[in-house]
Every structure is written in C-alpha cells, then in structure tokens.
Amino acid sequence: MGLLGCSTSAPPLVHFASKTAQIPLESSDSKESSESLRKLVQDRCPSLFTPFEPKWWLNNGHIQTTFSVFADISQVDNVWYRRQNLELVDGGTLGLDFAPIDDAGLSDDTPIIVVLHGLTGGSYEPYIKSILIHATKPVNKGGLGFRAVVPHSRGCGGVPITSTKFYSAGGTDDFRQALIYISHRYPRAKLLGLGFSLGSNIMTRYIAQEGEKCRLSSACVLANPWDLAANSDILSGTFVGRNVYNNALGTNLMNVAKQHHEALMADPSLPIAKALAPLMSISQMTLTNFDKVFLSQVGGPPPQFPYATVNEYYNAMSSHECVGDVRIPYLAINSADDPVVQYVPMDGAGNGYAVMVLTSGGGHLGWFNDASGKDRWTTKPVLEWLTLMGREVVAKSGSERGHAIVLGEDGFLRNEGGDERLGCKECEGGGLINGNSGVEGLRKGL
C-alpha cells in the first residue's frame with residue numbers, strides 16, 4: 001500500500017493476520033505452554049500501540065529524516081564494541097562488532113541481538129545505539145543484559161575490503177556467513193534479529209530464504225524499503241526526492257566504493273574495476289544511477305549478475321514478496337511520512353508470524369520525540385519485543401537452529417552440505433571500536 005496521510009497524533013496501524021501463529025513459551029514446570037502472537041504482542045508490547053507525538057517542530061517526515069542525518073547526536077548513547085574480523089572463502093573480510101565489551105559475567109546462553117545497519121552505516125549509527133545502549137546494559141542497571149553484534153557490509157564501518165567483491169541491496173550470503181560464526185561461537189544463545197533500512201531488506205530476505213532453518217529466533221525490522229523498484233520510482237518522481245534523498249543515498253554509497261577503490265580495482269580487467277573507474281571523478285550521484293551503472297552490473301558474481309536493467313536488479317533484490325515465507329515471529333515498523341520509503345506491504349501476505357506496523361510519523365529512521373536525540377518512539381516497543389522474544393519464547397533446539405556447522409580442513413566454518421564457496425574463519429584486525437565516532441566522508445542516519 002502507499003503511505004497514508006494521517007495525523008501524527010494517531011495511534012499506529014498494527015496489522016495481524018486473521019489467525020496468528022502459536023508461539024511456544026518458556027515454563028517453570030514441565031508443562032508445554034504457548035500463546036498466539038497477537039495476544040503476546042498486545043500484552044507484552046503495549047508501547048507499540050501508543051501514538052507518536054513529537055515536539056511540534058519535529059512533526060514532519062522531512063524534518064525527522066534530515067535531523068537524523070545532520071544533527072550531531074553521535075555522543076548521545078555511549079557504546080563501545082569489540083570487533084572480530086572474519087576472513088571469507090572468497091578472500092573478503094567481514095567485521096563483527098560485539099557489545100558489551102566486558103561480557104565475562106554473561107552466560108553462554110545469553111540472548112544475542114544481531115543487528116544489520118542501513119545502506120552505508122555501521123555500529124556507530126545513533127539509530128542502532130539508541131537500542132543497544134539499553135539492551136546491553138546489565139539488568140541491575142535497568143537494561144536487558146543481552147549481548148549484541150553488528151555485522152558490517154563489506155567496506156562499511158571501517159572494515160577493509162580485501163577482495164574484488166562489494167555488497168548489494170539484497171544479497172544475503174555475507175549475513176549467512178556471519179551467522180555461521182555467531183552460532184558456532186555461541187551455540188546455546190537465542191539470536192534475535194534487528195534490522196534498519198536496507199539491513200531490514202537483507203534480513204527479511206535471509207529469513208524467508210532459510211524458512212525453518214533460519215538461525216534467527218525472531219526479527220524486528222525498521223524502515224524496510226521493501227519494494228526497491230516502486231520506492232525508487234516514487235523517490236525519483238519528486239524534486240526533493242530526486243535531488244535530496246536519492247542524491248544523498250547514492251553519493252554515500254559511491255563514496256564507500258571509492259574509499260576502497262584500490263582493492264576493488266586491483267585487477268583492471270575485472271568488470272568491477274571497469275565499472276568503478278569512470279565514477280572516480282564524479283562527486284555526486286543519485287542512488288538510482290549508481291545502482292544502474294554499478295551495483296546492477298557488479299553487485300555480485302555471475303550468473304546472477306549483471307542485470308539487464310536497474311529495475312530487474314531491484315525486483316530481484318526486494319523483500320516485499322518474501323514476507324509470506326517467514327517462519328519466525330517477525331515485527332516490521334515503518335512510518336507513514338517516510339520520504340524514502342513510501343510503499344509498505346501492510347497485509348504481511350497473511351502470514352501468521354508477521355506483525356506489520358505503520359506509525360503516523362517518524363520519517364526515515366527518525367521517530368525522534370524531541371531534539372535531545374535520546375528519546376525515540378521506537379525504543380520502547382523494540383525493547384519490549386526483544387524482552388518478549390529473548391526471555392519468554394522457547395529457544396530453538398537441534399535442527400531448528402539451522403544447518404549443522406562443520407570445520408573444514410582449510411580452517412573455514414561452513415554449513416554442512418552447503419555451498420563450499422561460503423565459509424568464514426577468524427582473522428587479524430578488529431579490537432576495541434569507539435561506537436561514538438563514524439567514518440569520514442559518509443553521512444550518518446542512512
């Protein structure tokens with residue numbers, strides 16, 4: 001559906017399937033217990049049904065979005081991480097940022113929030129820290145006492161690119177490899193998915209692809225762009241959309257590629273080097289044009305790439321048709337005045353595992369109640385959802401936790417019987433990461 005023109009004082013639209021899934025619950029005795037997802041959300045996530053009521057001057061999706069990008073709120077929520085770099089079979093590197101940095105007192109079955117950032121973001125993003133500052137704080141200090149980890153897209157968050165492969169709008173293999181490592185390191189922990197913007201799209205696609213074998217126990221996705229072609233067309237159809245948002249998103253993504261041009265262009269004969277070369281002298285570019293000339297052509301390996309048109313690429317990378325295949329409790333939150341995402345599939349494909357929420361305001365990754373940067377509407381409902389899924393819902397066991405993991409003679413962890421081209425192992429680099437900084441040359445909040 002297209003976005004609704006409703007007052008920001010209206011309560012969110014919350015859509016459940018006519019019959020929601022029965023969710024097994026932890027019990028203090030041996031008796032099995034379960035409850036419908038609808039009742040669990042209504043009882044345990046009351047903040048989800050409260051209106052978004054910001055200060056009067058933040059009562060606009062454009063203002064919410066630009067405040068998220070331009071306001072200096074990097075120091076609002078102080079989070080540090082411990083980075084573990086992973087070498088991939090294809091020679092690439094993933095950076096996984098874990099919090100809290102002192103987790104010696106946490107048991108090995110402590111729930112882990114697995115976070116995917118937006119288009120060009122990283123663990124330093126204020127929208128991520130606004131959740132993790134509370135989720136990773138010890139229980140005796142008012143937090144949830146959970147672990148969290150932020151896997152980065154290649155080249156994002158200060159992670160080096162060490163191969164000639166970049167990332168795409170909907171590729172799931174890097175996330176799949178990160179989850180192999182996390183599951184191997186913490187085999188008894190529930191993995192709770194949390195996605196933002198493009199990370200929501202990738203997470204949704206992974207969940208749908210894996211079905212019953214999904215390593216995540218639940219997922220919450222915010223500001224998912226869903227139908228990339230539809231939202232791109234809408235964004236390109238207005239002056240502000242084309243010249244402000246589309247341009248900011250495209251320039252940020254192009255700058256990530258340019259920052260790593262030496263690695264991506266190491267072999268001038270490769271298609272990715274030929275595609276990047278003419279972009280090196282360009283200072284600005286819309287996301288649509290960047291996707292057209294670069295990602296739709298070299299965003300992944302053949303035979304899937306290249307695509308004949310950018311819309312073919314968008315259709316292949318979108319997640320709006322994936323919701324029906326989700327088999328874990330799944331909460332999606334979008335804003336009706338998001339200037340970047342203006343198409344939202346509110347019916348949730350009739351899936352009993354999906355809860356679809358549309359707030360009346362909040363912009364793109366905003367939802368600020370005031371100018372402090374510390375008070376966002378989304379914080380309470382997301383934490384309530386994580387508490388429910390982390391503490392009350394029965395953990396997956398055995399094959400429900402995903403494919404068995406095997407250690408190959410080459411030292412790489414892989415899914416048993418899976419694609420031999422996918423695998424990971426620990427490598428050098430990483431260390432302590434200041435989540436209150438950022439990456440030079442890139443705007444936050446996207």
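Both backbone and side-chain heavy atoms feed into the values below; hydrogens, waters and symmetry mates do not. The chain is numbered in sequence order, starting from 1.
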Please confirm whether His62 and Phe67 have ring centers closer than 6.0 angstrom.
no
Looking at Asn252 and Thr120, would you say the former's side chain and the latter's main chain have a donor-acceptor pair under 3.5 Å?
no
Counting distance only, does the side-chain N/O of Thr309 pair as donor-acceptor with the main-chain N or O of Glu312 below 3.5 Å?
yes
Between OG of Ser183 and CG of Leu191, what distance do you get to the nearest 0.5 Å?
4.5 Å
Anything under 3.5 Å between a donor and an acceptor, one on a side chain of residues 272-287, the other on a protein residue two or more places apart or in another chain? List them.
from	atom 1	to	atom 2	distance (Å)
Gln284	OE1	Asn247	ND2	3.2
Thr286	OG1	Asn289	N	3.1
Thr286	OG1	Asn289	ND2	3.3

Does some side-chain heavy atom of Leu94 sit less than 4.5 Å from a side-chain heavy atom of Glu87?
no
Decide yes or no for Ser217 and Met389: does some side-chain heavy atom of the first lie under 4.5 Å from some side-chain heavy atom of the second?
no
Whether Arg205 side chain and Gly170 backbone form a donor-acceptor pair below 3.5 Å
yes
Just by distance, do the side chain of Lys374 and the backbone of Ile73 share a donor-acceptor pair under 3.5 Å?
no
Please indicate whether Lys292 has more than 12 foreign heavy atoms, meaning atoms of other residues, nucleotides or ligands, lying under 6.0 Å from its NZ.
no
CG/Leu48 to CD1/Ile333 distance, rounded to the nearest 0.5 angstrom?
5.5 Å
Short side-chain donor-acceptor distance under 3.5 Å, Asn436 and Ser74
no
For the CD1 atom of Ile23 and the CG atom of Leu37, what is their distance to the nearest 0.5 Å?
5.0 Å
Distance only, no hydrogens: is a donor on one side chain within 3.5 Å (strictly under) of an acceptor on the other, for Gln84 and Arg185?
no
One thing to verify: whether Arg215 and Glu210 come together as a salt bridge, which I'm taking to mean a side-chain N less than 4.0 angstrom from a carboxylate O.
no
Taking atom types as modelled and ignoring hydrogens, do the side chains of Ser372 and Asp370 form a donor-acceptor contact shorter than 3.5 angstrom?
yes
Neighbour count >12 (heavy atoms, 6.0 Å) for atom NZ, Lys213
yes
Mind checking whether Tyr186 and Phe98 have parallel, tilted or perpendicular rings, split at 30° and 60°?
tilted
Do Thr172 and Gln209 get their side chains close enough for a donor-acceptor pair, meaning under 3.5 Å?
yes
How far apart are the C-alpha atoms of Val221 and Leu331, what are their side-chain angles, what is the distance that settles it, and do they pass the side-chain contact (heavy atoms from CB on, under 4.5 Å) test?
CA-CA 6 Å; Val221 298; Leu331 172 65; over 6 Å; no
Mark yes when over 12 heavy atoms from residues, nucleotides or ligands other than Arg242 sit less than 6.0 Å from its CZ; otherwise mark no.
yes
For the CH2 atom on Trp57, are there more than 12 heavy atoms of other groups (residues, nucleotides or ligands in this structure) within a distance under 6.0 Å?
yes
Tell me yes or no: between the side chains of Thr379 and His134, is some donor less than 3.5 Å from an acceptor?
no
Close side-chain approach of Val382 and Trp377, heavy atoms under 4.5 Å
no
If you measure from the Lys or Arg side-chain nitrogens to the Asp or Glu carboxylate oxygens, is any gap between Arg154 and Asp90 under 4.0 Å?
yes
Across all chains, not counting sequence neighbours, the ring pair (Phe, Tyr, Trp, His ring centres under 6.0 Å) partners of Phe305 are Tyr307
Check the side chains of Thr359 and Trp367 for a donor-acceptor pair under 3.5 angstrom, ignoring hydrogens and angles.
yes
Check the side chains of Ser197 and Asn224 for a donor-acceptor pair under 3.5 angstrom, ignoring hydrogens and angles.
no
Sub-3.5 Å donor-acceptor pair from the side chain of Gln342 to the main-chain atoms of Pro339, do we have one?
yes
Close side-chain approach of Leu86 and Phe412, heavy atoms under 4.5 Å:
no
Distance from Ile113 atom CD1 to Leu386 atom CG, nearest 0.5 Å?
4.5 Å
Judged by atom type as modelled, is there a donor-acceptor pair below 3.5 Å linking the side chain of Ser318 to the main-chain atoms of Leu228?
yes
Is the gap between the ring centers of Tyr353 and Tyr330 under 6.0 Å?
no
Passing candidate, side-chain contact (heavy atoms from CB on, under 4.5 Å) with Leu216, options Lys190, Met203, Lys396
Met203
Heavy atoms of Pro160 and Thr93 approach each other most closely as O-CB, 3.8 Å
Tell me whether Lys258 at atom NZ has more than 12 heavy atoms from other residues, nucleotides or ligands lying less than 6.0 Å away.
yes
salt_bridge(Arg44, Glu384) N-O dist < 4.0 Å
no
Within this structure, what is the OG-CD distance for the pair Ser335 and Gln64, rounded to the nearest 0.5 Å?
7.5 Å
Near Gln22 CD, under 6.0 Å, is it more than 12 heavy atoms from other residues, nucleotides or ligands?
yes
Would you say Thr65 and Asp338 are linked by a side-chain donor-acceptor pair, where the criterion is simply a distance under 3.5 Å?
no
Geometric class of the His152/His117 ring pair [parallel <30°, tilted 30-60°, perpendicular >60°]:
tilted
Using distance alone, with no hydrogens and no angle criterion, decide if Asp291 and Tyr314 have a side-chain donor and acceptor under 3.5 Å apart.
yes
